[in-house]
**Q** 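One structure, as structure tokens, below. Some questions next.
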Amino acid sequence: MATIATISSSPSEVSRTDAVLSYVTKRLISHGHQVTPIVLRDLPAEPLLRGRADDPVIQAAIDVLAAADAVVVTTPVYKAAYSGLLKVFLDLLPQYALRGKAVLPLATGGTPAHVLVIDYALRPVLTSLGAGAIGQGWFVLSSHVRLYDGGGLLLDPAASVPLYEVTEAFLSTVAGVSPVESPPIQPAALEAVRARPEDPEAAPLLADLVVEYSTRYGRTNENTQLTEVPASDFHTEQGGAFVLLRHGGQTVAGGAIRRYDDQTAEVKRMWTSHLHRRQGLGRRVMAELEAVAADLGYRRLYLTTGPRQPEAAALYLAAGFEPQFDVEADPESIGPLPFTKNLAVRLQVAS
């Protein structure tokens with residue numbers, strides 16, 4: 001796997017730029033790559049401004065860059081340009097410091113008027129440093145990034161979908177392969193299959209959920225790592241089920257149930273690919289899970305979703321689940337949001 005250096009050029013300890021970088025970093029790590037951060041605000045100011053590349057701390061940062069196979073560069077936009085902190089660092093690098101390296105540029109800013117900063121300001125500098133392949137990059141509006149006290153990040157779909165796409169394209173470049181095409185969903189070609197969590201087909205679902213949960217809640221625990229229940233709970237012999245939606249050889253959505261009590265199945269692991277959200281796939285997965293639960297003899301479904309998953313809560317309400325909490329209250333004041341739904345009884349007709 002590759003070694004990827006990330007450059008954070010925000011001068012602020014808490015910033016939307018660093019939050020976006022954290023999200024992208026989690027995706028890189030989920031693909032098995034080693035990520036080494038370079039935080040420019042932590043470098044000594046005087047030698048940085050004086051261009052003293054021989055300073056031990058600055059030299060260490062340059063060495064990290066030299067050893068990397070690829071680089072992610074992030075910057076806030078100030079006064080229609082990338083940050084001065086990034087400028088002084090790039091200025092002291094050797095002339096071809098990025099020779100042969102894949103580079104993904106990302107920027108954040110407060111207005112769409114700055115959307116071309118990457119192409120017209122940052123890209124020429126990266127090219128002059130010899131970058132082998134500069135990805136499309138993306139500009140993220142500050143209003144599309146919600147930060148939570150104590151950590152955690154919620155990205156608007158207008159930001160999360162293109163960030164996912166440019167990161168996946170960058171990863172393909174790093175791997176030396178062509179990006180995998182994601183054709184539009186054709187309902188007739190959509191296949192629901194039963195699987196186990198340990199099956200390779202389930203890997204994209206589980207890896208993406210780990211990234212999503214740890215990003216939104218800003219911490220690592222058994223819930224964000226999907227270890228809060230044994231994977232065997234989703235095996236049929238344990239009263240569970242794991243359902244995937246497959247399209248064009250790819251897993252595009254999925255979900256699971258496990259035994260909660262004799263009459264109740266608990267819904268877990270609901271997921272839809274970033275590239276195919278808002279196309280009804282979540283409702284299709286839920287319908288499949290309801291049918292499986294009824295076949296297994298359950299009469300009710302139970303689930304909880306986190307307070308920072310508004311799209312999940314909307315899905316469950318649309319699918320007929322009853323909220324077991326005050327829907328007018330701030331979700332952050334409640335914690336996990338419980339829902340229940342009674343299943344239609346299936347009558348078995350004797351032949």
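Reckoned from all heavy atoms, side chains included, excluding hydrogens, waters and symmetry mates. Note that the numbering runs from 1 along the sequence shown for the chain.
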**Q** If you look at every heavy atom in T75 and S83, which pair is closest and at what distance?
**A** OG1-N, 2.9 Å
**Q** Does the D261 side chain pair with the main chain of T264, one donor and one acceptor, at a distance under 3.5 Å?
**A** yes
**Q** Give me the atom names and distance for the closest heavy-atom approach of V145 to A19.
**A** CG1-CB, 4.5 Å
**Q** Would you give the length of the straight line joining atom NZ of K268 to atom OH of Y260, rounded to the nearest 0.5 angstrom?
**A** 10.5 Å
**Q** Pairs in or reaching into residues 37-53: which pass side-chain hydrogen bond (donor to acceptor under 3.5 Å, both in side chains), with residues at least two apart or in two chains?
**A** D18-R41, E46-R50
**Q** Check L206 against P197 and note the closest heavy-atom contact, atom names and distance.
**A** CD1-O, 3.3 Å
**Q** If I compare all heavy atoms of S333 with all of A329, which pair ends up nearest, and what's the gap?
**A** OG-CB, 4.3 Å
**Q** Give me each pair satisfying side-chain hydrogen bond (donor to acceptor under 3.5 Å, both in side chains) with a member in residues 122-143, each pair once, sequence neighbours excluded.
**A** D119-R123
**Q** Once side chain to side chain contact (heavy atoms under 4.5 Å, CB included) is applied, do any residues pair with N342, and if so which ones, sequence neighbours excluded?
**A** R300
**Q** Which heavy atom of L122 sits nearest a heavy atom of P105, and at what distance?
**A** CD2-CB, 4.0 Å
**Q** For the pair E311 and R216, find out whether any cationic side-chain nitrogen is under 4.0 Å from an anionic carboxylate oxygen.
**A** yes
**Q** With sequence neighbours left out, which residue pairs that include part of residues 10-36 fulfil the ring pair (Phe, Tyr, Trp, His ring centres under 6.0 Å) condition?
**A** none
**Q** With a 4.5 Å limit on heavy-atom distance, are the side chains of T74 and V20 in contact?
**A** no
**Q** Do P310 and L154 touch side chain to side chain, with heavy atoms closer than 4.5 Å?
**A** yes
**Q** So how far is it from I29 CD1 to M1 CE, rounded to the nearest 0.5 Å?
**A** 13.0 Å
**Q** Are L303 and V285 connected in the hydrophobic side-chain network, where two residues link if heavy atoms are under 4.5 Å apart?
**A** yes
**Q** According to a 4.5 Å side-chain heavy-atom criterion applied to Ile, Leu, Val, Met, Phe, Trp and Tyr, with indirect links allowed, do F339 and Y298 form part of one hydrophobic cluster?
**A** yes
**Q** Have a look at L245 and tell me which of V252, T251, I185, V193 forms a side-chain contact (heavy atoms from CB on, under 4.5 Å) with it.
**A** V252
**Q** For E328, look at atom CD and say whether over 12 heavy atoms of other residues, nucleotides or ligands are found less than 6.0 Å away.
**A** no
**Q** Under the side chain to side chain contact (heavy atoms under 4.5 Å, CB included) rule, what do R269 and F234 come out as? Steps first, then yes or no, please.
**A** CA-CA 10 Å; R269 309 296 186 254; F234 304 119; 4.1 Å; yes
**Q** Measure across L43 and A61 and return the closest heavy-atom pair with its distance rounded to 0.1 Å.
**A** CD2-CB, 4.2 Å
**Q** Taking only residues at least two apart or on different chains, which pairs with a member in residues 93-118 satisfy side-chain hydrogen bond (donor to acceptor under 3.5 Å, both in side chains)?
**A** T17-T108
**Q** Could you work out, with ring pair (Phe, Tyr, Trp, His ring centres under 6.0 Å) as the rule, every residue matching H274, not counting sequence neighbours?
**A** Y164
**Q** Go through the structure and list residues passing side chain to side chain contact (heavy atoms under 4.5 Å, CB included) with V161, not counting sequence neighbours.
**A** E165
**Q** Check whether any side-chain heavy atom of Y82 sits under 4.5 Å from a side-chain heavy atom of V73, and report yes or no.
**A** no
**Q** Check for me whether R308 meets the cation-pi criterion with Y148, that is, NZ or CZ under 6.0 Å from the six-membered ring centre and within 45 degrees of the ring axis.
**A** yes
**Q** Please name all residues satisfying ring pair (Phe, Tyr, Trp, His ring centres under 6.0 Å) with Y217, sequence neighbours left out, ordered by chain then number.
**A** none
**Q** Could you list the residues that satisfy salt bridge (Lys or Arg N to Asp or Glu O under 4.0 Å) with E222, not counting sequence neighbours?
**A** none
**Q** Is there a side-chain contact between I257 and L296 in this structure, where contact means two heavy atoms from C-beta onward sitting under 4.5 Å apart?
**A** yes
**Q** Can you measure from CD1 (I134) to CG (L98) and round to the nearest 0.5 angstrom?
**A** 8.0 Å
**Q** Quick check on the hydrophobic clustering: are V211 and L163 connected, directly or via other members, by side-chain heavy-atom contacts under 4.5 Å?
**A** yes
**Q** So, do L40 and V88 sit near enough that their side-chain heavy atoms are less than 4.5 Å apart?
**A** no
**Q** Would you kindly confirm whether V72 and V166 end up in one hydrophobic cluster when ILVMFWY residues are joined by side chain heavy atoms under 4.5 Å apart?
**A** yes
**Q** Between R258 and E266 (salt bridge meaning N to carboxylate O under 4.0 Å), is one present in this structure?
**A** yes
**Q** Do the non-hydrogen side-chain atoms of T6 and T36 ever get within less than 4.5 Å of each other?
**A** no
**Q** Determine whether L106 and I38 fall in the same hydrophobic cluster, where Ile, Leu, Val, Met, Phe, Trp and Tyr are linked whenever their side-chain heavy atoms lie under 4.5 Å apart.
**A** no
**Q** With sequence neighbours excluded, what pairs up with D330 under the salt bridge (Lys or Arg N to Asp or Glu O under 4.0 Å) test?
**A** none
**Q** Find the distance between CG (L86) and OG (S8) and round it off to the nearest 0.5 Å.
**A** 9.5 Å
**Q** Does F325 have more than 12 heavy atoms from other residues, nucleotides or ligands lying within 6.0 Å of its CZ?
**A** yes
**Q** Please, which pairs that meet side-chain hydrogen bond (donor to acceptor under 3.5 Å, both in side chains) have at least one residue in residues 53-72, sequence neighbours excluded?
**A** Q59-D63
**Q** Distance from L147 atom CG to R16 atom CZ, nearest 0.5 Å?
**A** 5.0 Å
**Q** Are side-chain heavy atoms of S22 and T215 found at a separation under 4.5 Å?
**A** no
**Q** Using side-chain heavy atoms (C-beta onward) and a distance below 4.5 Å, is H247 in contact with Q186?
**A** yes
**Q** Report the C-alpha distance between R283 and L315 in whole Å, list the side-chain angles of each, state the deciding distance to 0.1 Å, and finish with yes or no for side chain to side chain contact (heavy atoms under 4.5 Å, CB included).
**A** CA-CA 7 Å; R283 290 289 297 271; L315 166 65; 3.6 Å; yes
**Q** Only counting residues at least two apart or in another chain, list the ones meeting salt bridge (Lys or Arg N to Asp or Glu O under 4.0 Å) with E168.
**A** none
**Q** Can you tell me how far CD1 of I4 sits from OG1 of T25, rounded to the nearest 0.5 angstrom?
**A** 9.0 Å
**Q** Do S232 and Q238 have a side chain donor and acceptor closer than 3.5 Å?
**A** no
**Q** Between R196 and E201, does at least one N-O distance fall below 4.0 Å, as a salt bridge requires?
**A** no
